[in-house]
Amino acid sequence: MQETKALRGTSLEADAEHILRAITPTLDLNKHKGQAGKIAVIGGCREYTGAPYFAAISALKIGADLSHVFCTKDAAPVIKSYSPELIVHPVLEESYSVRDEDKLSISGKILAEVDKWMERFDCLVVGPGLGRDPFLLDCVSKILKHARQSNVPIVIDGDGLFLVTNSLDLVSGYPLAVLTPNVNEYKRLIQKVLNCEVNEQDAHEQLLALAKGVGGVTILQKGKSDLISDGETVKSVSIYGSPRRCGGQGDILSGSVAVFLSWARQHLSAAEGDTSISKINPTILGCIAGSALMRKAASLAFQNKKRSTLTSDIIEFLGTSLEDICPAC
């Protein structure tokens, strides 16, 4: 893939602010609801209701028009209570509520319910709060296959990474798939795909090899500096950031990447798009922008709240962070 202005040079550091400005759409009175992005989160079960909320609400706070959550029936009332802004679909099921003889028919109904919405979405986020129930993961595997058949971009985080690490064929060779592993999830991917341990001394080459090994999916390796590769190039985002490591920041990131990935695809499809990034993979652009914005919001939240910074505080700084870099008017 040809290097361009935003990725050029000996430094691996991406020009994240330039990319953010380039792919963030202008606010236009002539646009209608949905044109700024329709995101769906697949996740949320009895134990975990915060993660899908964080991912979905972050997408809205950044500027997506609509944000859906497909979750289990137990999780739905809780997630609905967090915000009236989200469209919550209580369609997923866990093993405890399904008899063995009913699993095939219920799985088909779940897939049909999600599938009727699929073509409306600009990106799926799969995994926040998903849990590891076998029946639920089997249903989500089928949803991933349908998303891929529909050419819908997919950002995979949390328990979604547990699923695809054990079933790499779900994403292997799909260029619109993004994996966002933390340190432990990355270790498991390296062991599974490259059959070795993480090599921090050769981190960039190992990430490149991992992305190639999964057939050219894009991987955003979260860390002190976020490293991003699609198997062709490796870029780093190290601007901003916070020493506070409260849980839920990865959920913000997954929602952020989903929005910016959809915006990057829109931008690159427009004839008047910024030529300086026209040759860059939209999944790379989405990861760079999502990472940079999340890191800036975390930095601003930490400046205000220090040790007491929570994920909800970071979410409240997403809009301010984007406005600082890319003013709406």
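All values below come from the heavy atoms of this structure, side chains included, with hydrogens, waters and symmetry mates left out. Counting begins at 1 with the first residue of the sequence.
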Q. What closest approach, in Å, do C45 and A75 show between heavy atoms, and which atom pair accounts for it?
A. O-CB, 3.5 Å
Q. Under a 4.5 Å cut-off applied to non-hydrogen side-chain atoms, are S242 and Q303 in contact?
A. no
Q) Does the K235 side chain pair with the main chain of L12, one donor and one acceptor, at a distance under 3.5 Å? A) yes
Q: Kindly say whether N182 contributes a backbone atom to a donor-acceptor pair with the side chain of E185 at under 3.5 angstrom?
A: yes
Q: Test salt bridge (charged side-chain N to carboxylate O under 4.0 Å, His left out) on E316 and K61 and set out the steps.
A: CA-CA 8 Å; E316 289 309 308; K61 288 284 188 177; 3.5 Å; yes
Q. Atom CD1 of I325 and atom CD1 of I19: how far apart are they, to the nearest 0.5 Å?
A. 11.5 Å
Q: Using the side-chain contact (heavy atoms from CB on, under 4.5 Å) rule, pick out the option among I42, L161, T180 that qualifies with I156.
A: L161
Q) Between C139 and I110, what is the shortest heavy-atom contact and its length? A) SG-CD1, 3.9 Å
Q) What pair of heavy atoms forms the shortest contact from D251 to F54, and how long is it? A) CB-CB, 3.7 Å
Q) Is the shortest heavy-atom distance from the side chain of S97 to the side chain of K73 under 4.5 Å? A) no
Q | Backbone N/O of G131 and side chain of D159: donor-acceptor pair under 3.5 Å | A | yes
Q: Could you tell me whether a side-chain N or O of D133 sits under 3.5 Å from a main-chain N or O of S95, the two making a donor and an acceptor?
A: yes
(Q) Starting from L163, can I reach L176 by hopping between I/L/V/M/F/W/Y residues whose side chains sit under 4.5 Å apart? (A) yes
(Q) Would you compute the distance between atom CD1 of I239 and atom CG of L293 and round it to the nearest 0.5 angstrom? (A) 9.5 Å
Q.
Could you walk me through whether K38 and H68 satisfy the side chain to side chain contact (heavy atoms under 4.5 Å, CB included) test, starting with their C-alpha distance in whole Å, then the side-chain angles of each, then the deciding distance to 0.1 Å, before giving a yes or no?
A. CA-CA 8 Å; K38 302 177 290 297; H68 297 245; 5.5 Å; no
Q | Atom CD of E101 with >12 non-hydrogen neighbours under 6.0 angstrom | A | yes
(Q) Check this for me, if you would: do R21 and E17 make a salt bridge, where the nitrogen-to-carboxylate-oxygen distance has to be below 4.0 angstrom? (A) yes
(Q) Under 4.0 Å between a side-chain nitrogen and a carboxylate oxygen: does that hold for D313 and R244? (A) no
Q) Between S107 (side chain) and L104 (backbone), is there a donor-acceptor pair under 3.5 Å? A) no
Q. With a 3.5 Å cut-off and no angle check, do the side chains of Y240 and S321 form a donor-acceptor pair?
A. no
**Q.** Aromatic ring pairing H89/F70, orientation class (parallel under 30°, perpendicular over 60°, tilted between)
**A.** parallel
(Q) What I'd like to find out is whether the side chain of E119 reaches to under 4.5 Å of the side chain of V152, using heavy atoms alone. (A) no
Q: Could you walk me through whether L322 and L20 pass the side chain to side chain contact (heavy atoms under 4.5 Å, CB included) test, one step at a time?
A: CA-CA 8 Å; L322 186 55; L20 271 163; 4.1 Å; yes
Q | Ionic contact status for R99 with D102, cut-off 4.0 Å | A | yes
(Q) Is it the case that the side chains of D226 and S291 hold a donor-acceptor pair, with the cut-off being a distance below 3.5 Å and no angle test? (A) yes
Q | Backbone N/O of S238 and side chain of E13: donor-acceptor pair under 3.5 Å | A | yes
Q. So, does T165 use its side chain to make a donor-acceptor pair with the main chain of F162 at under 3.5 Å?
A. no
Q) Are there more than 12 heavy atoms of other residues, nucleotides or ligands under 6.0 Å from atom NZ of K31? A) yes
Q. Within the distance-only criterion (no hydrogens, no angle test), does the side chain of T24 pair as donor or acceptor with the backbone N or O of C326 below 3.5 angstrom?
A. no
Q) Quick one: do the D169 and S167 side chains pair a donor with an acceptor below 3.5 Å? A) no
Q) Short question: side chain of W263, backbone of A36 - any donor-acceptor pair under 3.5 Å? A) yes
Q) Same cluster for F260 and F317 if Ile/Leu/Val/Met/Phe/Trp/Tyr side chains link at under 4.5 Å? A) no
(Q) Applying a strict under-4.5 Å side-chain criterion to I, L, V, M, F, W and Y, I'd like to know whether L300 and I57 cluster together. (A) no
Q. In terms of hydrophobic clusters joined by side-chain contacts under 4.5 Å, are V125 and Y82 together?
A. yes
Q. Got F121 and S150 here, is their nearest side-chain heavy-atom distance under 4.5 Å?
A. no
Q | same_hphob_cluster(L137, V171) at 4.5 Å side-chain heavy-atom cutoff | A | yes
Q. Minimum heavy-atom separation for L261 to P282, with atom names?
A. CD1-O, 3.5 Å
Q. Looking at CD of E205 and CG of L210, how far apart are the two atoms once the value is rounded to the nearest 0.5 Å?
A. 12.5 Å
Q. Quick one: CZ on R148 to CG on L124, what's the gap to the nearest 0.5 Å?
A. 13.5 Å
(Q) So which atom in I39 and which in A59 form the shortest heavy-atom distance, rounded to 0.1 Å? (A) CG1-CB, 4.1 Å
Q.
Measuring only between side-chain heavy atoms, which start at C-beta, is Y48 closer than 4.5 Å to L130?
A. no
Q: Show your reasoning for whether side chain to side chain donor-acceptor pair (under 3.5 Å) applies to S67 and E85.
A: CA-CA 8 Å; S67 196; E85 306 289 347; over 6 Å; no
Q) Can you tell if the side chain of L220 reaches within under 4.5 Å of the side chain of L179, non-hydrogen atoms only? A) no
(Q) Whether the side chain of D115 engages the backbone of M118 through a donor-acceptor N/O pair (distance < 3.5 Å, no angle test) should be reported. (A) no
Q. Closest heavy-atom contact between K80 and V88?
A. NZ-O, 3.5 Å
Q. Is there a side-chain contact between E93 and L136 (heavy atoms, below 4.5 Å)?
A. no
**Q.** D28 atom CG, neighbour heavy-atom count above 12 within 6.0 Å
**A.** yes
Q. Nearest 0.5 Å, what's the OG-CD1 distance between S58 and I314?
A. 9.0 Å
**Q.** Any side-chain heavy-atom pair of H267 and I277 under 4.5 Å
**A.** yes
(Q) Quick one, I143 with L111, criterion side chain to side chain contact (heavy atoms under 4.5 Å, CB included). Give me CA distance, side-chain angles, the key distance, then yes/no. (A) CA-CA 6 Å; I143 292 169; L111 185 59; 4.1 Å; yes
**Q.** Gap between atom CG of L310 and atom SG of C246 - 0.5 Å precision
**A.** 6.0 Å
Q) Stepwise, does the side chain to side chain contact (heavy atoms under 4.5 Å, CB included) test hold for K33 with L66? A) CA-CA 8 Å; K33 181 177 68 177; L66 295 166; 4.2 Å; yes
